[in-house]
Amino acid sequence: MTATDQRQSETGGPRTLFDKIWDRHVVVPETNMVPAVLYVDLHLIHEVTSPQAFDLLRQRQLPVRCPERCLATVDHSVPTSPASWQIRLADMDVAPRNQIRKLDANCGRSGIRLLGINHSRRGIVHVIGPELGATQPGMTVVCGDSHTTTHGAFGALAFGIGTTEVAHVLATQCLLQRRPKTLAVEMRGRLPEGVTAKDAVLAMIGRIGVDGGTGHVIEFRGEAVRAMSMDARMTLCNMAIEAGARAGMVAPDEVTFDYLAGRPMAPKGEEWEAAIERWRHLKGDPGATFDAQVSMDVSDLAPQVTWGTDPGMVAPVTGRVPESAGQAALEYMGFAPGEPIEGRRVDVVFIGSCTNSRLSDLRQAASILTGRKVAKGVRALVVPGSQETKRRAESEGLDRVFLEAGAEWHESGCSMCIAMNGDRAGGGQTVVSTSNRNFEGRQGSGARTILASPLTAAASAVAGAVADPRSFLDQKRRIA
Amino acid sequence: MEAIEIIRSRTVVLAQANVDTDQIIPARFLTTTSRDGLGAHLFADHRFDAHGQPRADFVFNTAEAAGCQVLVAGHNFACGSSREHAPWALLDFGVRAVISTGIADIFRTNALRNGLLPVVVDDDFHKKLLASPGTEVEIDLRRGTVTLPDGAHAEFEIEPFARFCLLEGVDPLGYLLSKEPEIRHYEGERAWRP
Ligand code: SF4
């Protein structure tokens with residue numbers, strides 16, 4: 001931020017939601033020579049990106065400064081398959097086992113709350129933070145994980161950091177940060193039936209590109225965003241990083257407050273009333289300006305699917321692979337230029353990940369799978385985002401819907417989103433996946449990922465090929 | 001941390017845009033709890049075939065690439081995951097600087113924190129680098145320049161504080177720790193609600 005900008009926000013000019021949260025967390029303002037020292041309210045921790053950070057503190061004989069502001073869980077390397085759990089994870093490799101043990105020891109030693117491998121509220125770090133009510137409007141939230149952007153759905157400033165910075169936060173509860181720029185993404189109109197937040201955000205990435213958000217914090221606005229549930233807003237903000245953005249955020253409103261009310265870590269009683277009062281002010285002032293703006297009408301958007309090897313290589317499910325598509329991506333995916341995407345044969349369907357593993361995602365998938373069967377030869381995995389989501393889904397009977405359809409119903413975790421926990425696809429297999437990255441090898445060496453919404457994924461499981469979910473939505477079985 | 005001032009090396013070129021951190025080091029190698037030895041897995045799925053044999057056609061496996069400390073990469077290098085294993089793997093392999101027209105935010109910070117120089121240059125200069133793999137470059141951090149043997153050069157910017165830390169071999173954590181009084185003051189002043 002230039003000196004003028006800083007004066008402006010200090011002298012009370014109109015500010016965006018981002019400006020308000022940023023300003024409130026500046027411990028030491030930035031100058032040309034040094035970045036701002038920014039305070040962190042909530043530090044989420046998982047097993048993969050934290051061990052080296054704890055080591056660094058130990059080497060320098062530094063304590064964890066604010067253990068009460070940390071929350072840890074295990075998700076990336078934990079097996080999710082029922083078979084593994086039946087044998088009490090006896091098939092788990094030494095390395096991930098060691099990683100989990102280290103986190104246990106590190107948290108125990110420093111007094112950090114850990115939702116460990118046998119904890120009933122364990123789950124993907126970006127699912128449990130909101131689910132427990134730990135993520136709240138106005139907070140700064142960081143984690144050694146790029147999809148920390150998810151938490152911005154609550155009107156928090158949330159972003160991913162590397163392991164050295166995890167150590168910085170553990171030691172000082174602060175980060176050195178330059179003020180990022182702001183980008184407003186306005187979604188006009190209402191999403192049509194069968195089209196979800198996942199489709200909207202994929203379309204946005206297709207439009208601005210995988211580096212379109214670099215250096216910026218995105219604020220998602222507009223009628224379509226206001227109409228979204230918290231689960232959908234989390235999907236939106238989750239994928240902000242796939243456009244290269246530092247963070248994604250949505251101003252909190254009644255939908256946010258309703259979601260948080262009564263959550264275990266949310267404020268209670270009088271504190272709750274006071275919190276809502278404060279949170280209501282967390283929105284941009286009239287006249288506040290952004291560094292950049294994008295506006296898109298989503299009212300006639302089609303379900304979106306990727307055809308290439310980054311999330312920006314995306315098209316409507318009814319569309320074709322572009323004639324101009326890059327050779328490397330086409331070769332890897334086994335697509336030809338101009339080929340229709342719908343009808344592409346599918347080997348695996350993965351419904352899960354921090355993008356789309358919440359209860360409403362599972363309900364959507366179930367709405368299509370109810371009374372239908374997964375096509376022969378297709379492996380379908382449904383992996384809830386947390387143990388709590390799993391229990392809730394089971395209490396609604398969703399597990400039976402999936403199992404009767406011939407899909408697998410797993411314990412919670414990152415699973416095939418990252419393929420470092422036993423769940424992975426084979427080389428050359430086509431996976432329709434509700435996760436967030438279709439990078440080469442992401443779901444297994446040589447595996448070919450097609451990103452899609454839970455509706456599209458479920459429809460594709462039934463069809464045995466990439467399918468348009470809109471033709472599966474009949475009046476009677478629709479679930480909101 | 002070791003101070004850095006000048007890096008002189010031949011370049012290795014990976015022209016593809018949007019090379020993500022999953023390519024730099026696949027997730028299955030992230031089960032380690034150490035930061036050492038990750039160079040063995042750098043670009044694993046590109047350097048080795050399904051049987052673990054080196055792929056002769058991948059640039060990092062060529063004789064010319066041996067000993068190169070400067071990677072010239074396509075636009076938006078190292079997008080995706082926040083894994084610091086990516087700069088750790090590059091450094092362990094011997095890469096000390098990456099030159100591109102765009103480098104993803106989280107990776108750039110991770111690189112700076114580990115003494116790997118993220119150098120962003122203009123399109124024309126980048127094209128020149130892409131067209132001449134193996135060329136000798138001199139990266140001068142103090143002056144903020146990259147120079148080619150023919151004298152052509154480009155300027156680059158590094159966030160001033162990170163640059164200072166790299167030039168002096170100073171760890172930024174020391175600076176943060178020195179702000180403890182300010183942090184305490186902030187905590188005392190602020191009403192403890194988000
Ligand atoms: S589900 Fe995938 S993207 Fe999300 S935290 Fe886990 S590995 Fe990362």
Side-chain angles (χ1 to χ4, degrees), chain A residues 24 27-28 32-35 37 39 41 48-49 51-52 60 62 76-77 93 95-96 98-99 102 136-139 144-146 156 160-165 167-168 171-174 176 178 210-211 214-215 244 246 267 274-275 278 310 312 328 418-420 427 437 439-442 445-446, chain B residues 16-23 26-35 44-46 50 75-76 79-88 102-107 109-114 159-162 164 171-177 179-180 182-183 185-187 190-194:
Chain A
R24 191 167 159 75
V27 175
V28 183
N32 284 343
M33 265 316 293
V34 283
V37 175
Y39 198 81
D41 291 324
V48 175
T49 56
Q52 298 89 343
R60 302 192 44 163
L62 294 167
H76 284 66
S77 52
D93 285 342
N98 183 37
Q99 221 168 34
K102 273 223 160 159
Q136 293 165 24
M139 280 185 165
D145 195 283
S146 60
I161 56 178
T163 297
T164 302
E165 296 208 314
H168 290 183
T172 68
Q173 205 55 32
C174 290
L176 287 165
R178 291 281 174 191
V210 290
D211 68 336
T214 302
R246 282 303 275 143
R278 281 192 313 275
D310 73 47
I418 192 158
M420 60 177 290
R437 286 182 175 145
F439 298 154
E440 289 184 27
R442 172 81 178 187
S445 291
Chain B
Q16 204 188 320
N18 305 319
V19 169
D20 56 77
T21 53
D22 277 83
Q23 307 315 307
R28 62 182 184 279
F29 301 114
L30 307 190
T31 54
T32 175
T33 56
S34 151
R35 58 167 79 195
D45 287 341
H46 300 269
H75 186 67
N76 195 31
C79 53
S81 136
S82 65
R83 61 190 70 168
E84 201 159 311
H85 310 69
W88 292 337
I103 296 178
D105 284 338
I106 306 179
F107 176 86
T109 303
N110 287 342
L112 289 169
R113 300 277 183 254
N114 287 277
E159 192 284 305
F161 186 68
F164 165 81
D171 178 354
L173 177 54
Y175 173 77
L176 270 176
L177 288 166
K179 293 296 166 193
E180 178 63 20
E182 283 86 346
I183 299 170
H185 178 75
Y186 172 88
E187 287 175 332
R190 194 179 122 180
W192 269 116
R193 299 286 170 253

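Hydrogens, waters and symmetry mates play no part in the numbers below; they use all other heavy atoms, side chains included. Naming convention: chains lettered A, B, ... in sequence-line order (proteins, then strands); numbering from 1 in each chain.
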Problem - Donor-acceptor contact present, side-chain A:Glu165 to main-chain A:Gly144, <3.5 Å - result: no
Practice task
Using a cut-off of under 4.5 Å on heavy-atom pairs, state which of B:Thr32, B:Asp20, B:Leu177 scores highest against chain A.
Solution key: B:Asp20
Completion exercise
Ranked by heavy-atom pairs below 4.5 Å to chain B, first place among A:Ala167, A:Ala275, A:Cys174, A:Ala156 goes to A:Cys174
Exercise for the section: Heavy-atom distances under 4.5 Å only: say whether B:His185 touches chain A with side chain, backbone, both or neither. Expected result: neither
Practice task
Heavy-atom distances under 4.5 Å only: say whether B:Pro26 touches chain A with side chain, backbone, both or neither.
Solution key: neither
Handout entry: With sequence neighbours excluded, residues passing ring-ring contact (aromatic ring centres under 6.0 Å, His included) with A:His76
Key = A:His46
Practice task
Under 4.5 Å heavy-atom distance to chain A, tell me which part of B:Phe29 shows up: side chain, backbone, both or neither.
Solution key: neither
Problem - Selection from B:Arg35, B:Glu182, B:Glu159 maximising heavy-atom pairs under 4.5 Å formed with chain A - result: B:Glu159
Completion exercise
Assert top hit (heavy-atom pairs under 4.5 Å, partner chain B, pool A:Gly215, A:Gly441, A:Gly244, A:Gly312) equals A:Gly215
Completion exercise
Cut-off 4.5 Å, heavy atoms of chain B, and the answer for A:Ile161 is backbone
Problem - Residues A:Thr163 and B:Arg113: side-chain donor-acceptor under 3.5 angstrom - result: no
Handout entry: Proximity breakdown for A:Asp211 and chain B, heavy-atom pairs closer than 4.5 Å
Key = both
Exercise for the section: Would you mind telling me which of A:Asn98, A:Ile418, A:Leu176 has the largest number of heavy-atom pairs within less than 4.5 Å of chain B? Expected result: A:Leu176
Practice task
Answer yes or no: is there an ion pair linking B:Arg83 with A:Asp145, defined by an N-O contact shorter than 4.0 Å?
Solution key: no
Exercise for the section: Considering non-hydrogen atoms only, spot the tightest contact between B:Pro160 and A:Arg178 and give its length. Expected result: CD-NH2, 3.8 Å
Exercise for the section: Return yes if some donor-acceptor pair links the side-chain N/O of A:Gln99 with the main-chain N/O of A:Ser77 below 3.5 Å, else return no. Expected result: no
Exercise for the section: Could you check which of B:Ile106, B:Thr33, B:Asp22 has the highest count of heavy-atom pairs closer than 4.5 Å to chain A? Expected result: B:Thr33
Problem - Nearest non-hydrogen partners of A:Gln52 and B:Ser34, listed with the distance - result: NE2-O, 2.9 Å
Problem - A:Arg442 side chain to B:Ser81 side chain, donor-acceptor N/O pair below 3.5 angstrom - result: no
Handout entry: Toward chain B, the part of A:Val34 with a non-hydrogen atom under 4.5 Å
Key = both
Exercise for the section: List in chain and number order the residues that pass side-chain hydrogen bond (donor to acceptor under 3.5 Å, both in side chains) with A:Thr164, two or more places apart in sequence or in another chain; answer none if no residue qualifies. Expected result: B:Glu84
Exercise for the section: Tell me, for B:Ala104 versus chain A, whether the close heavy atoms (under 4.5 Å) come from the side chain, the backbone, both or neither. Expected result: neither
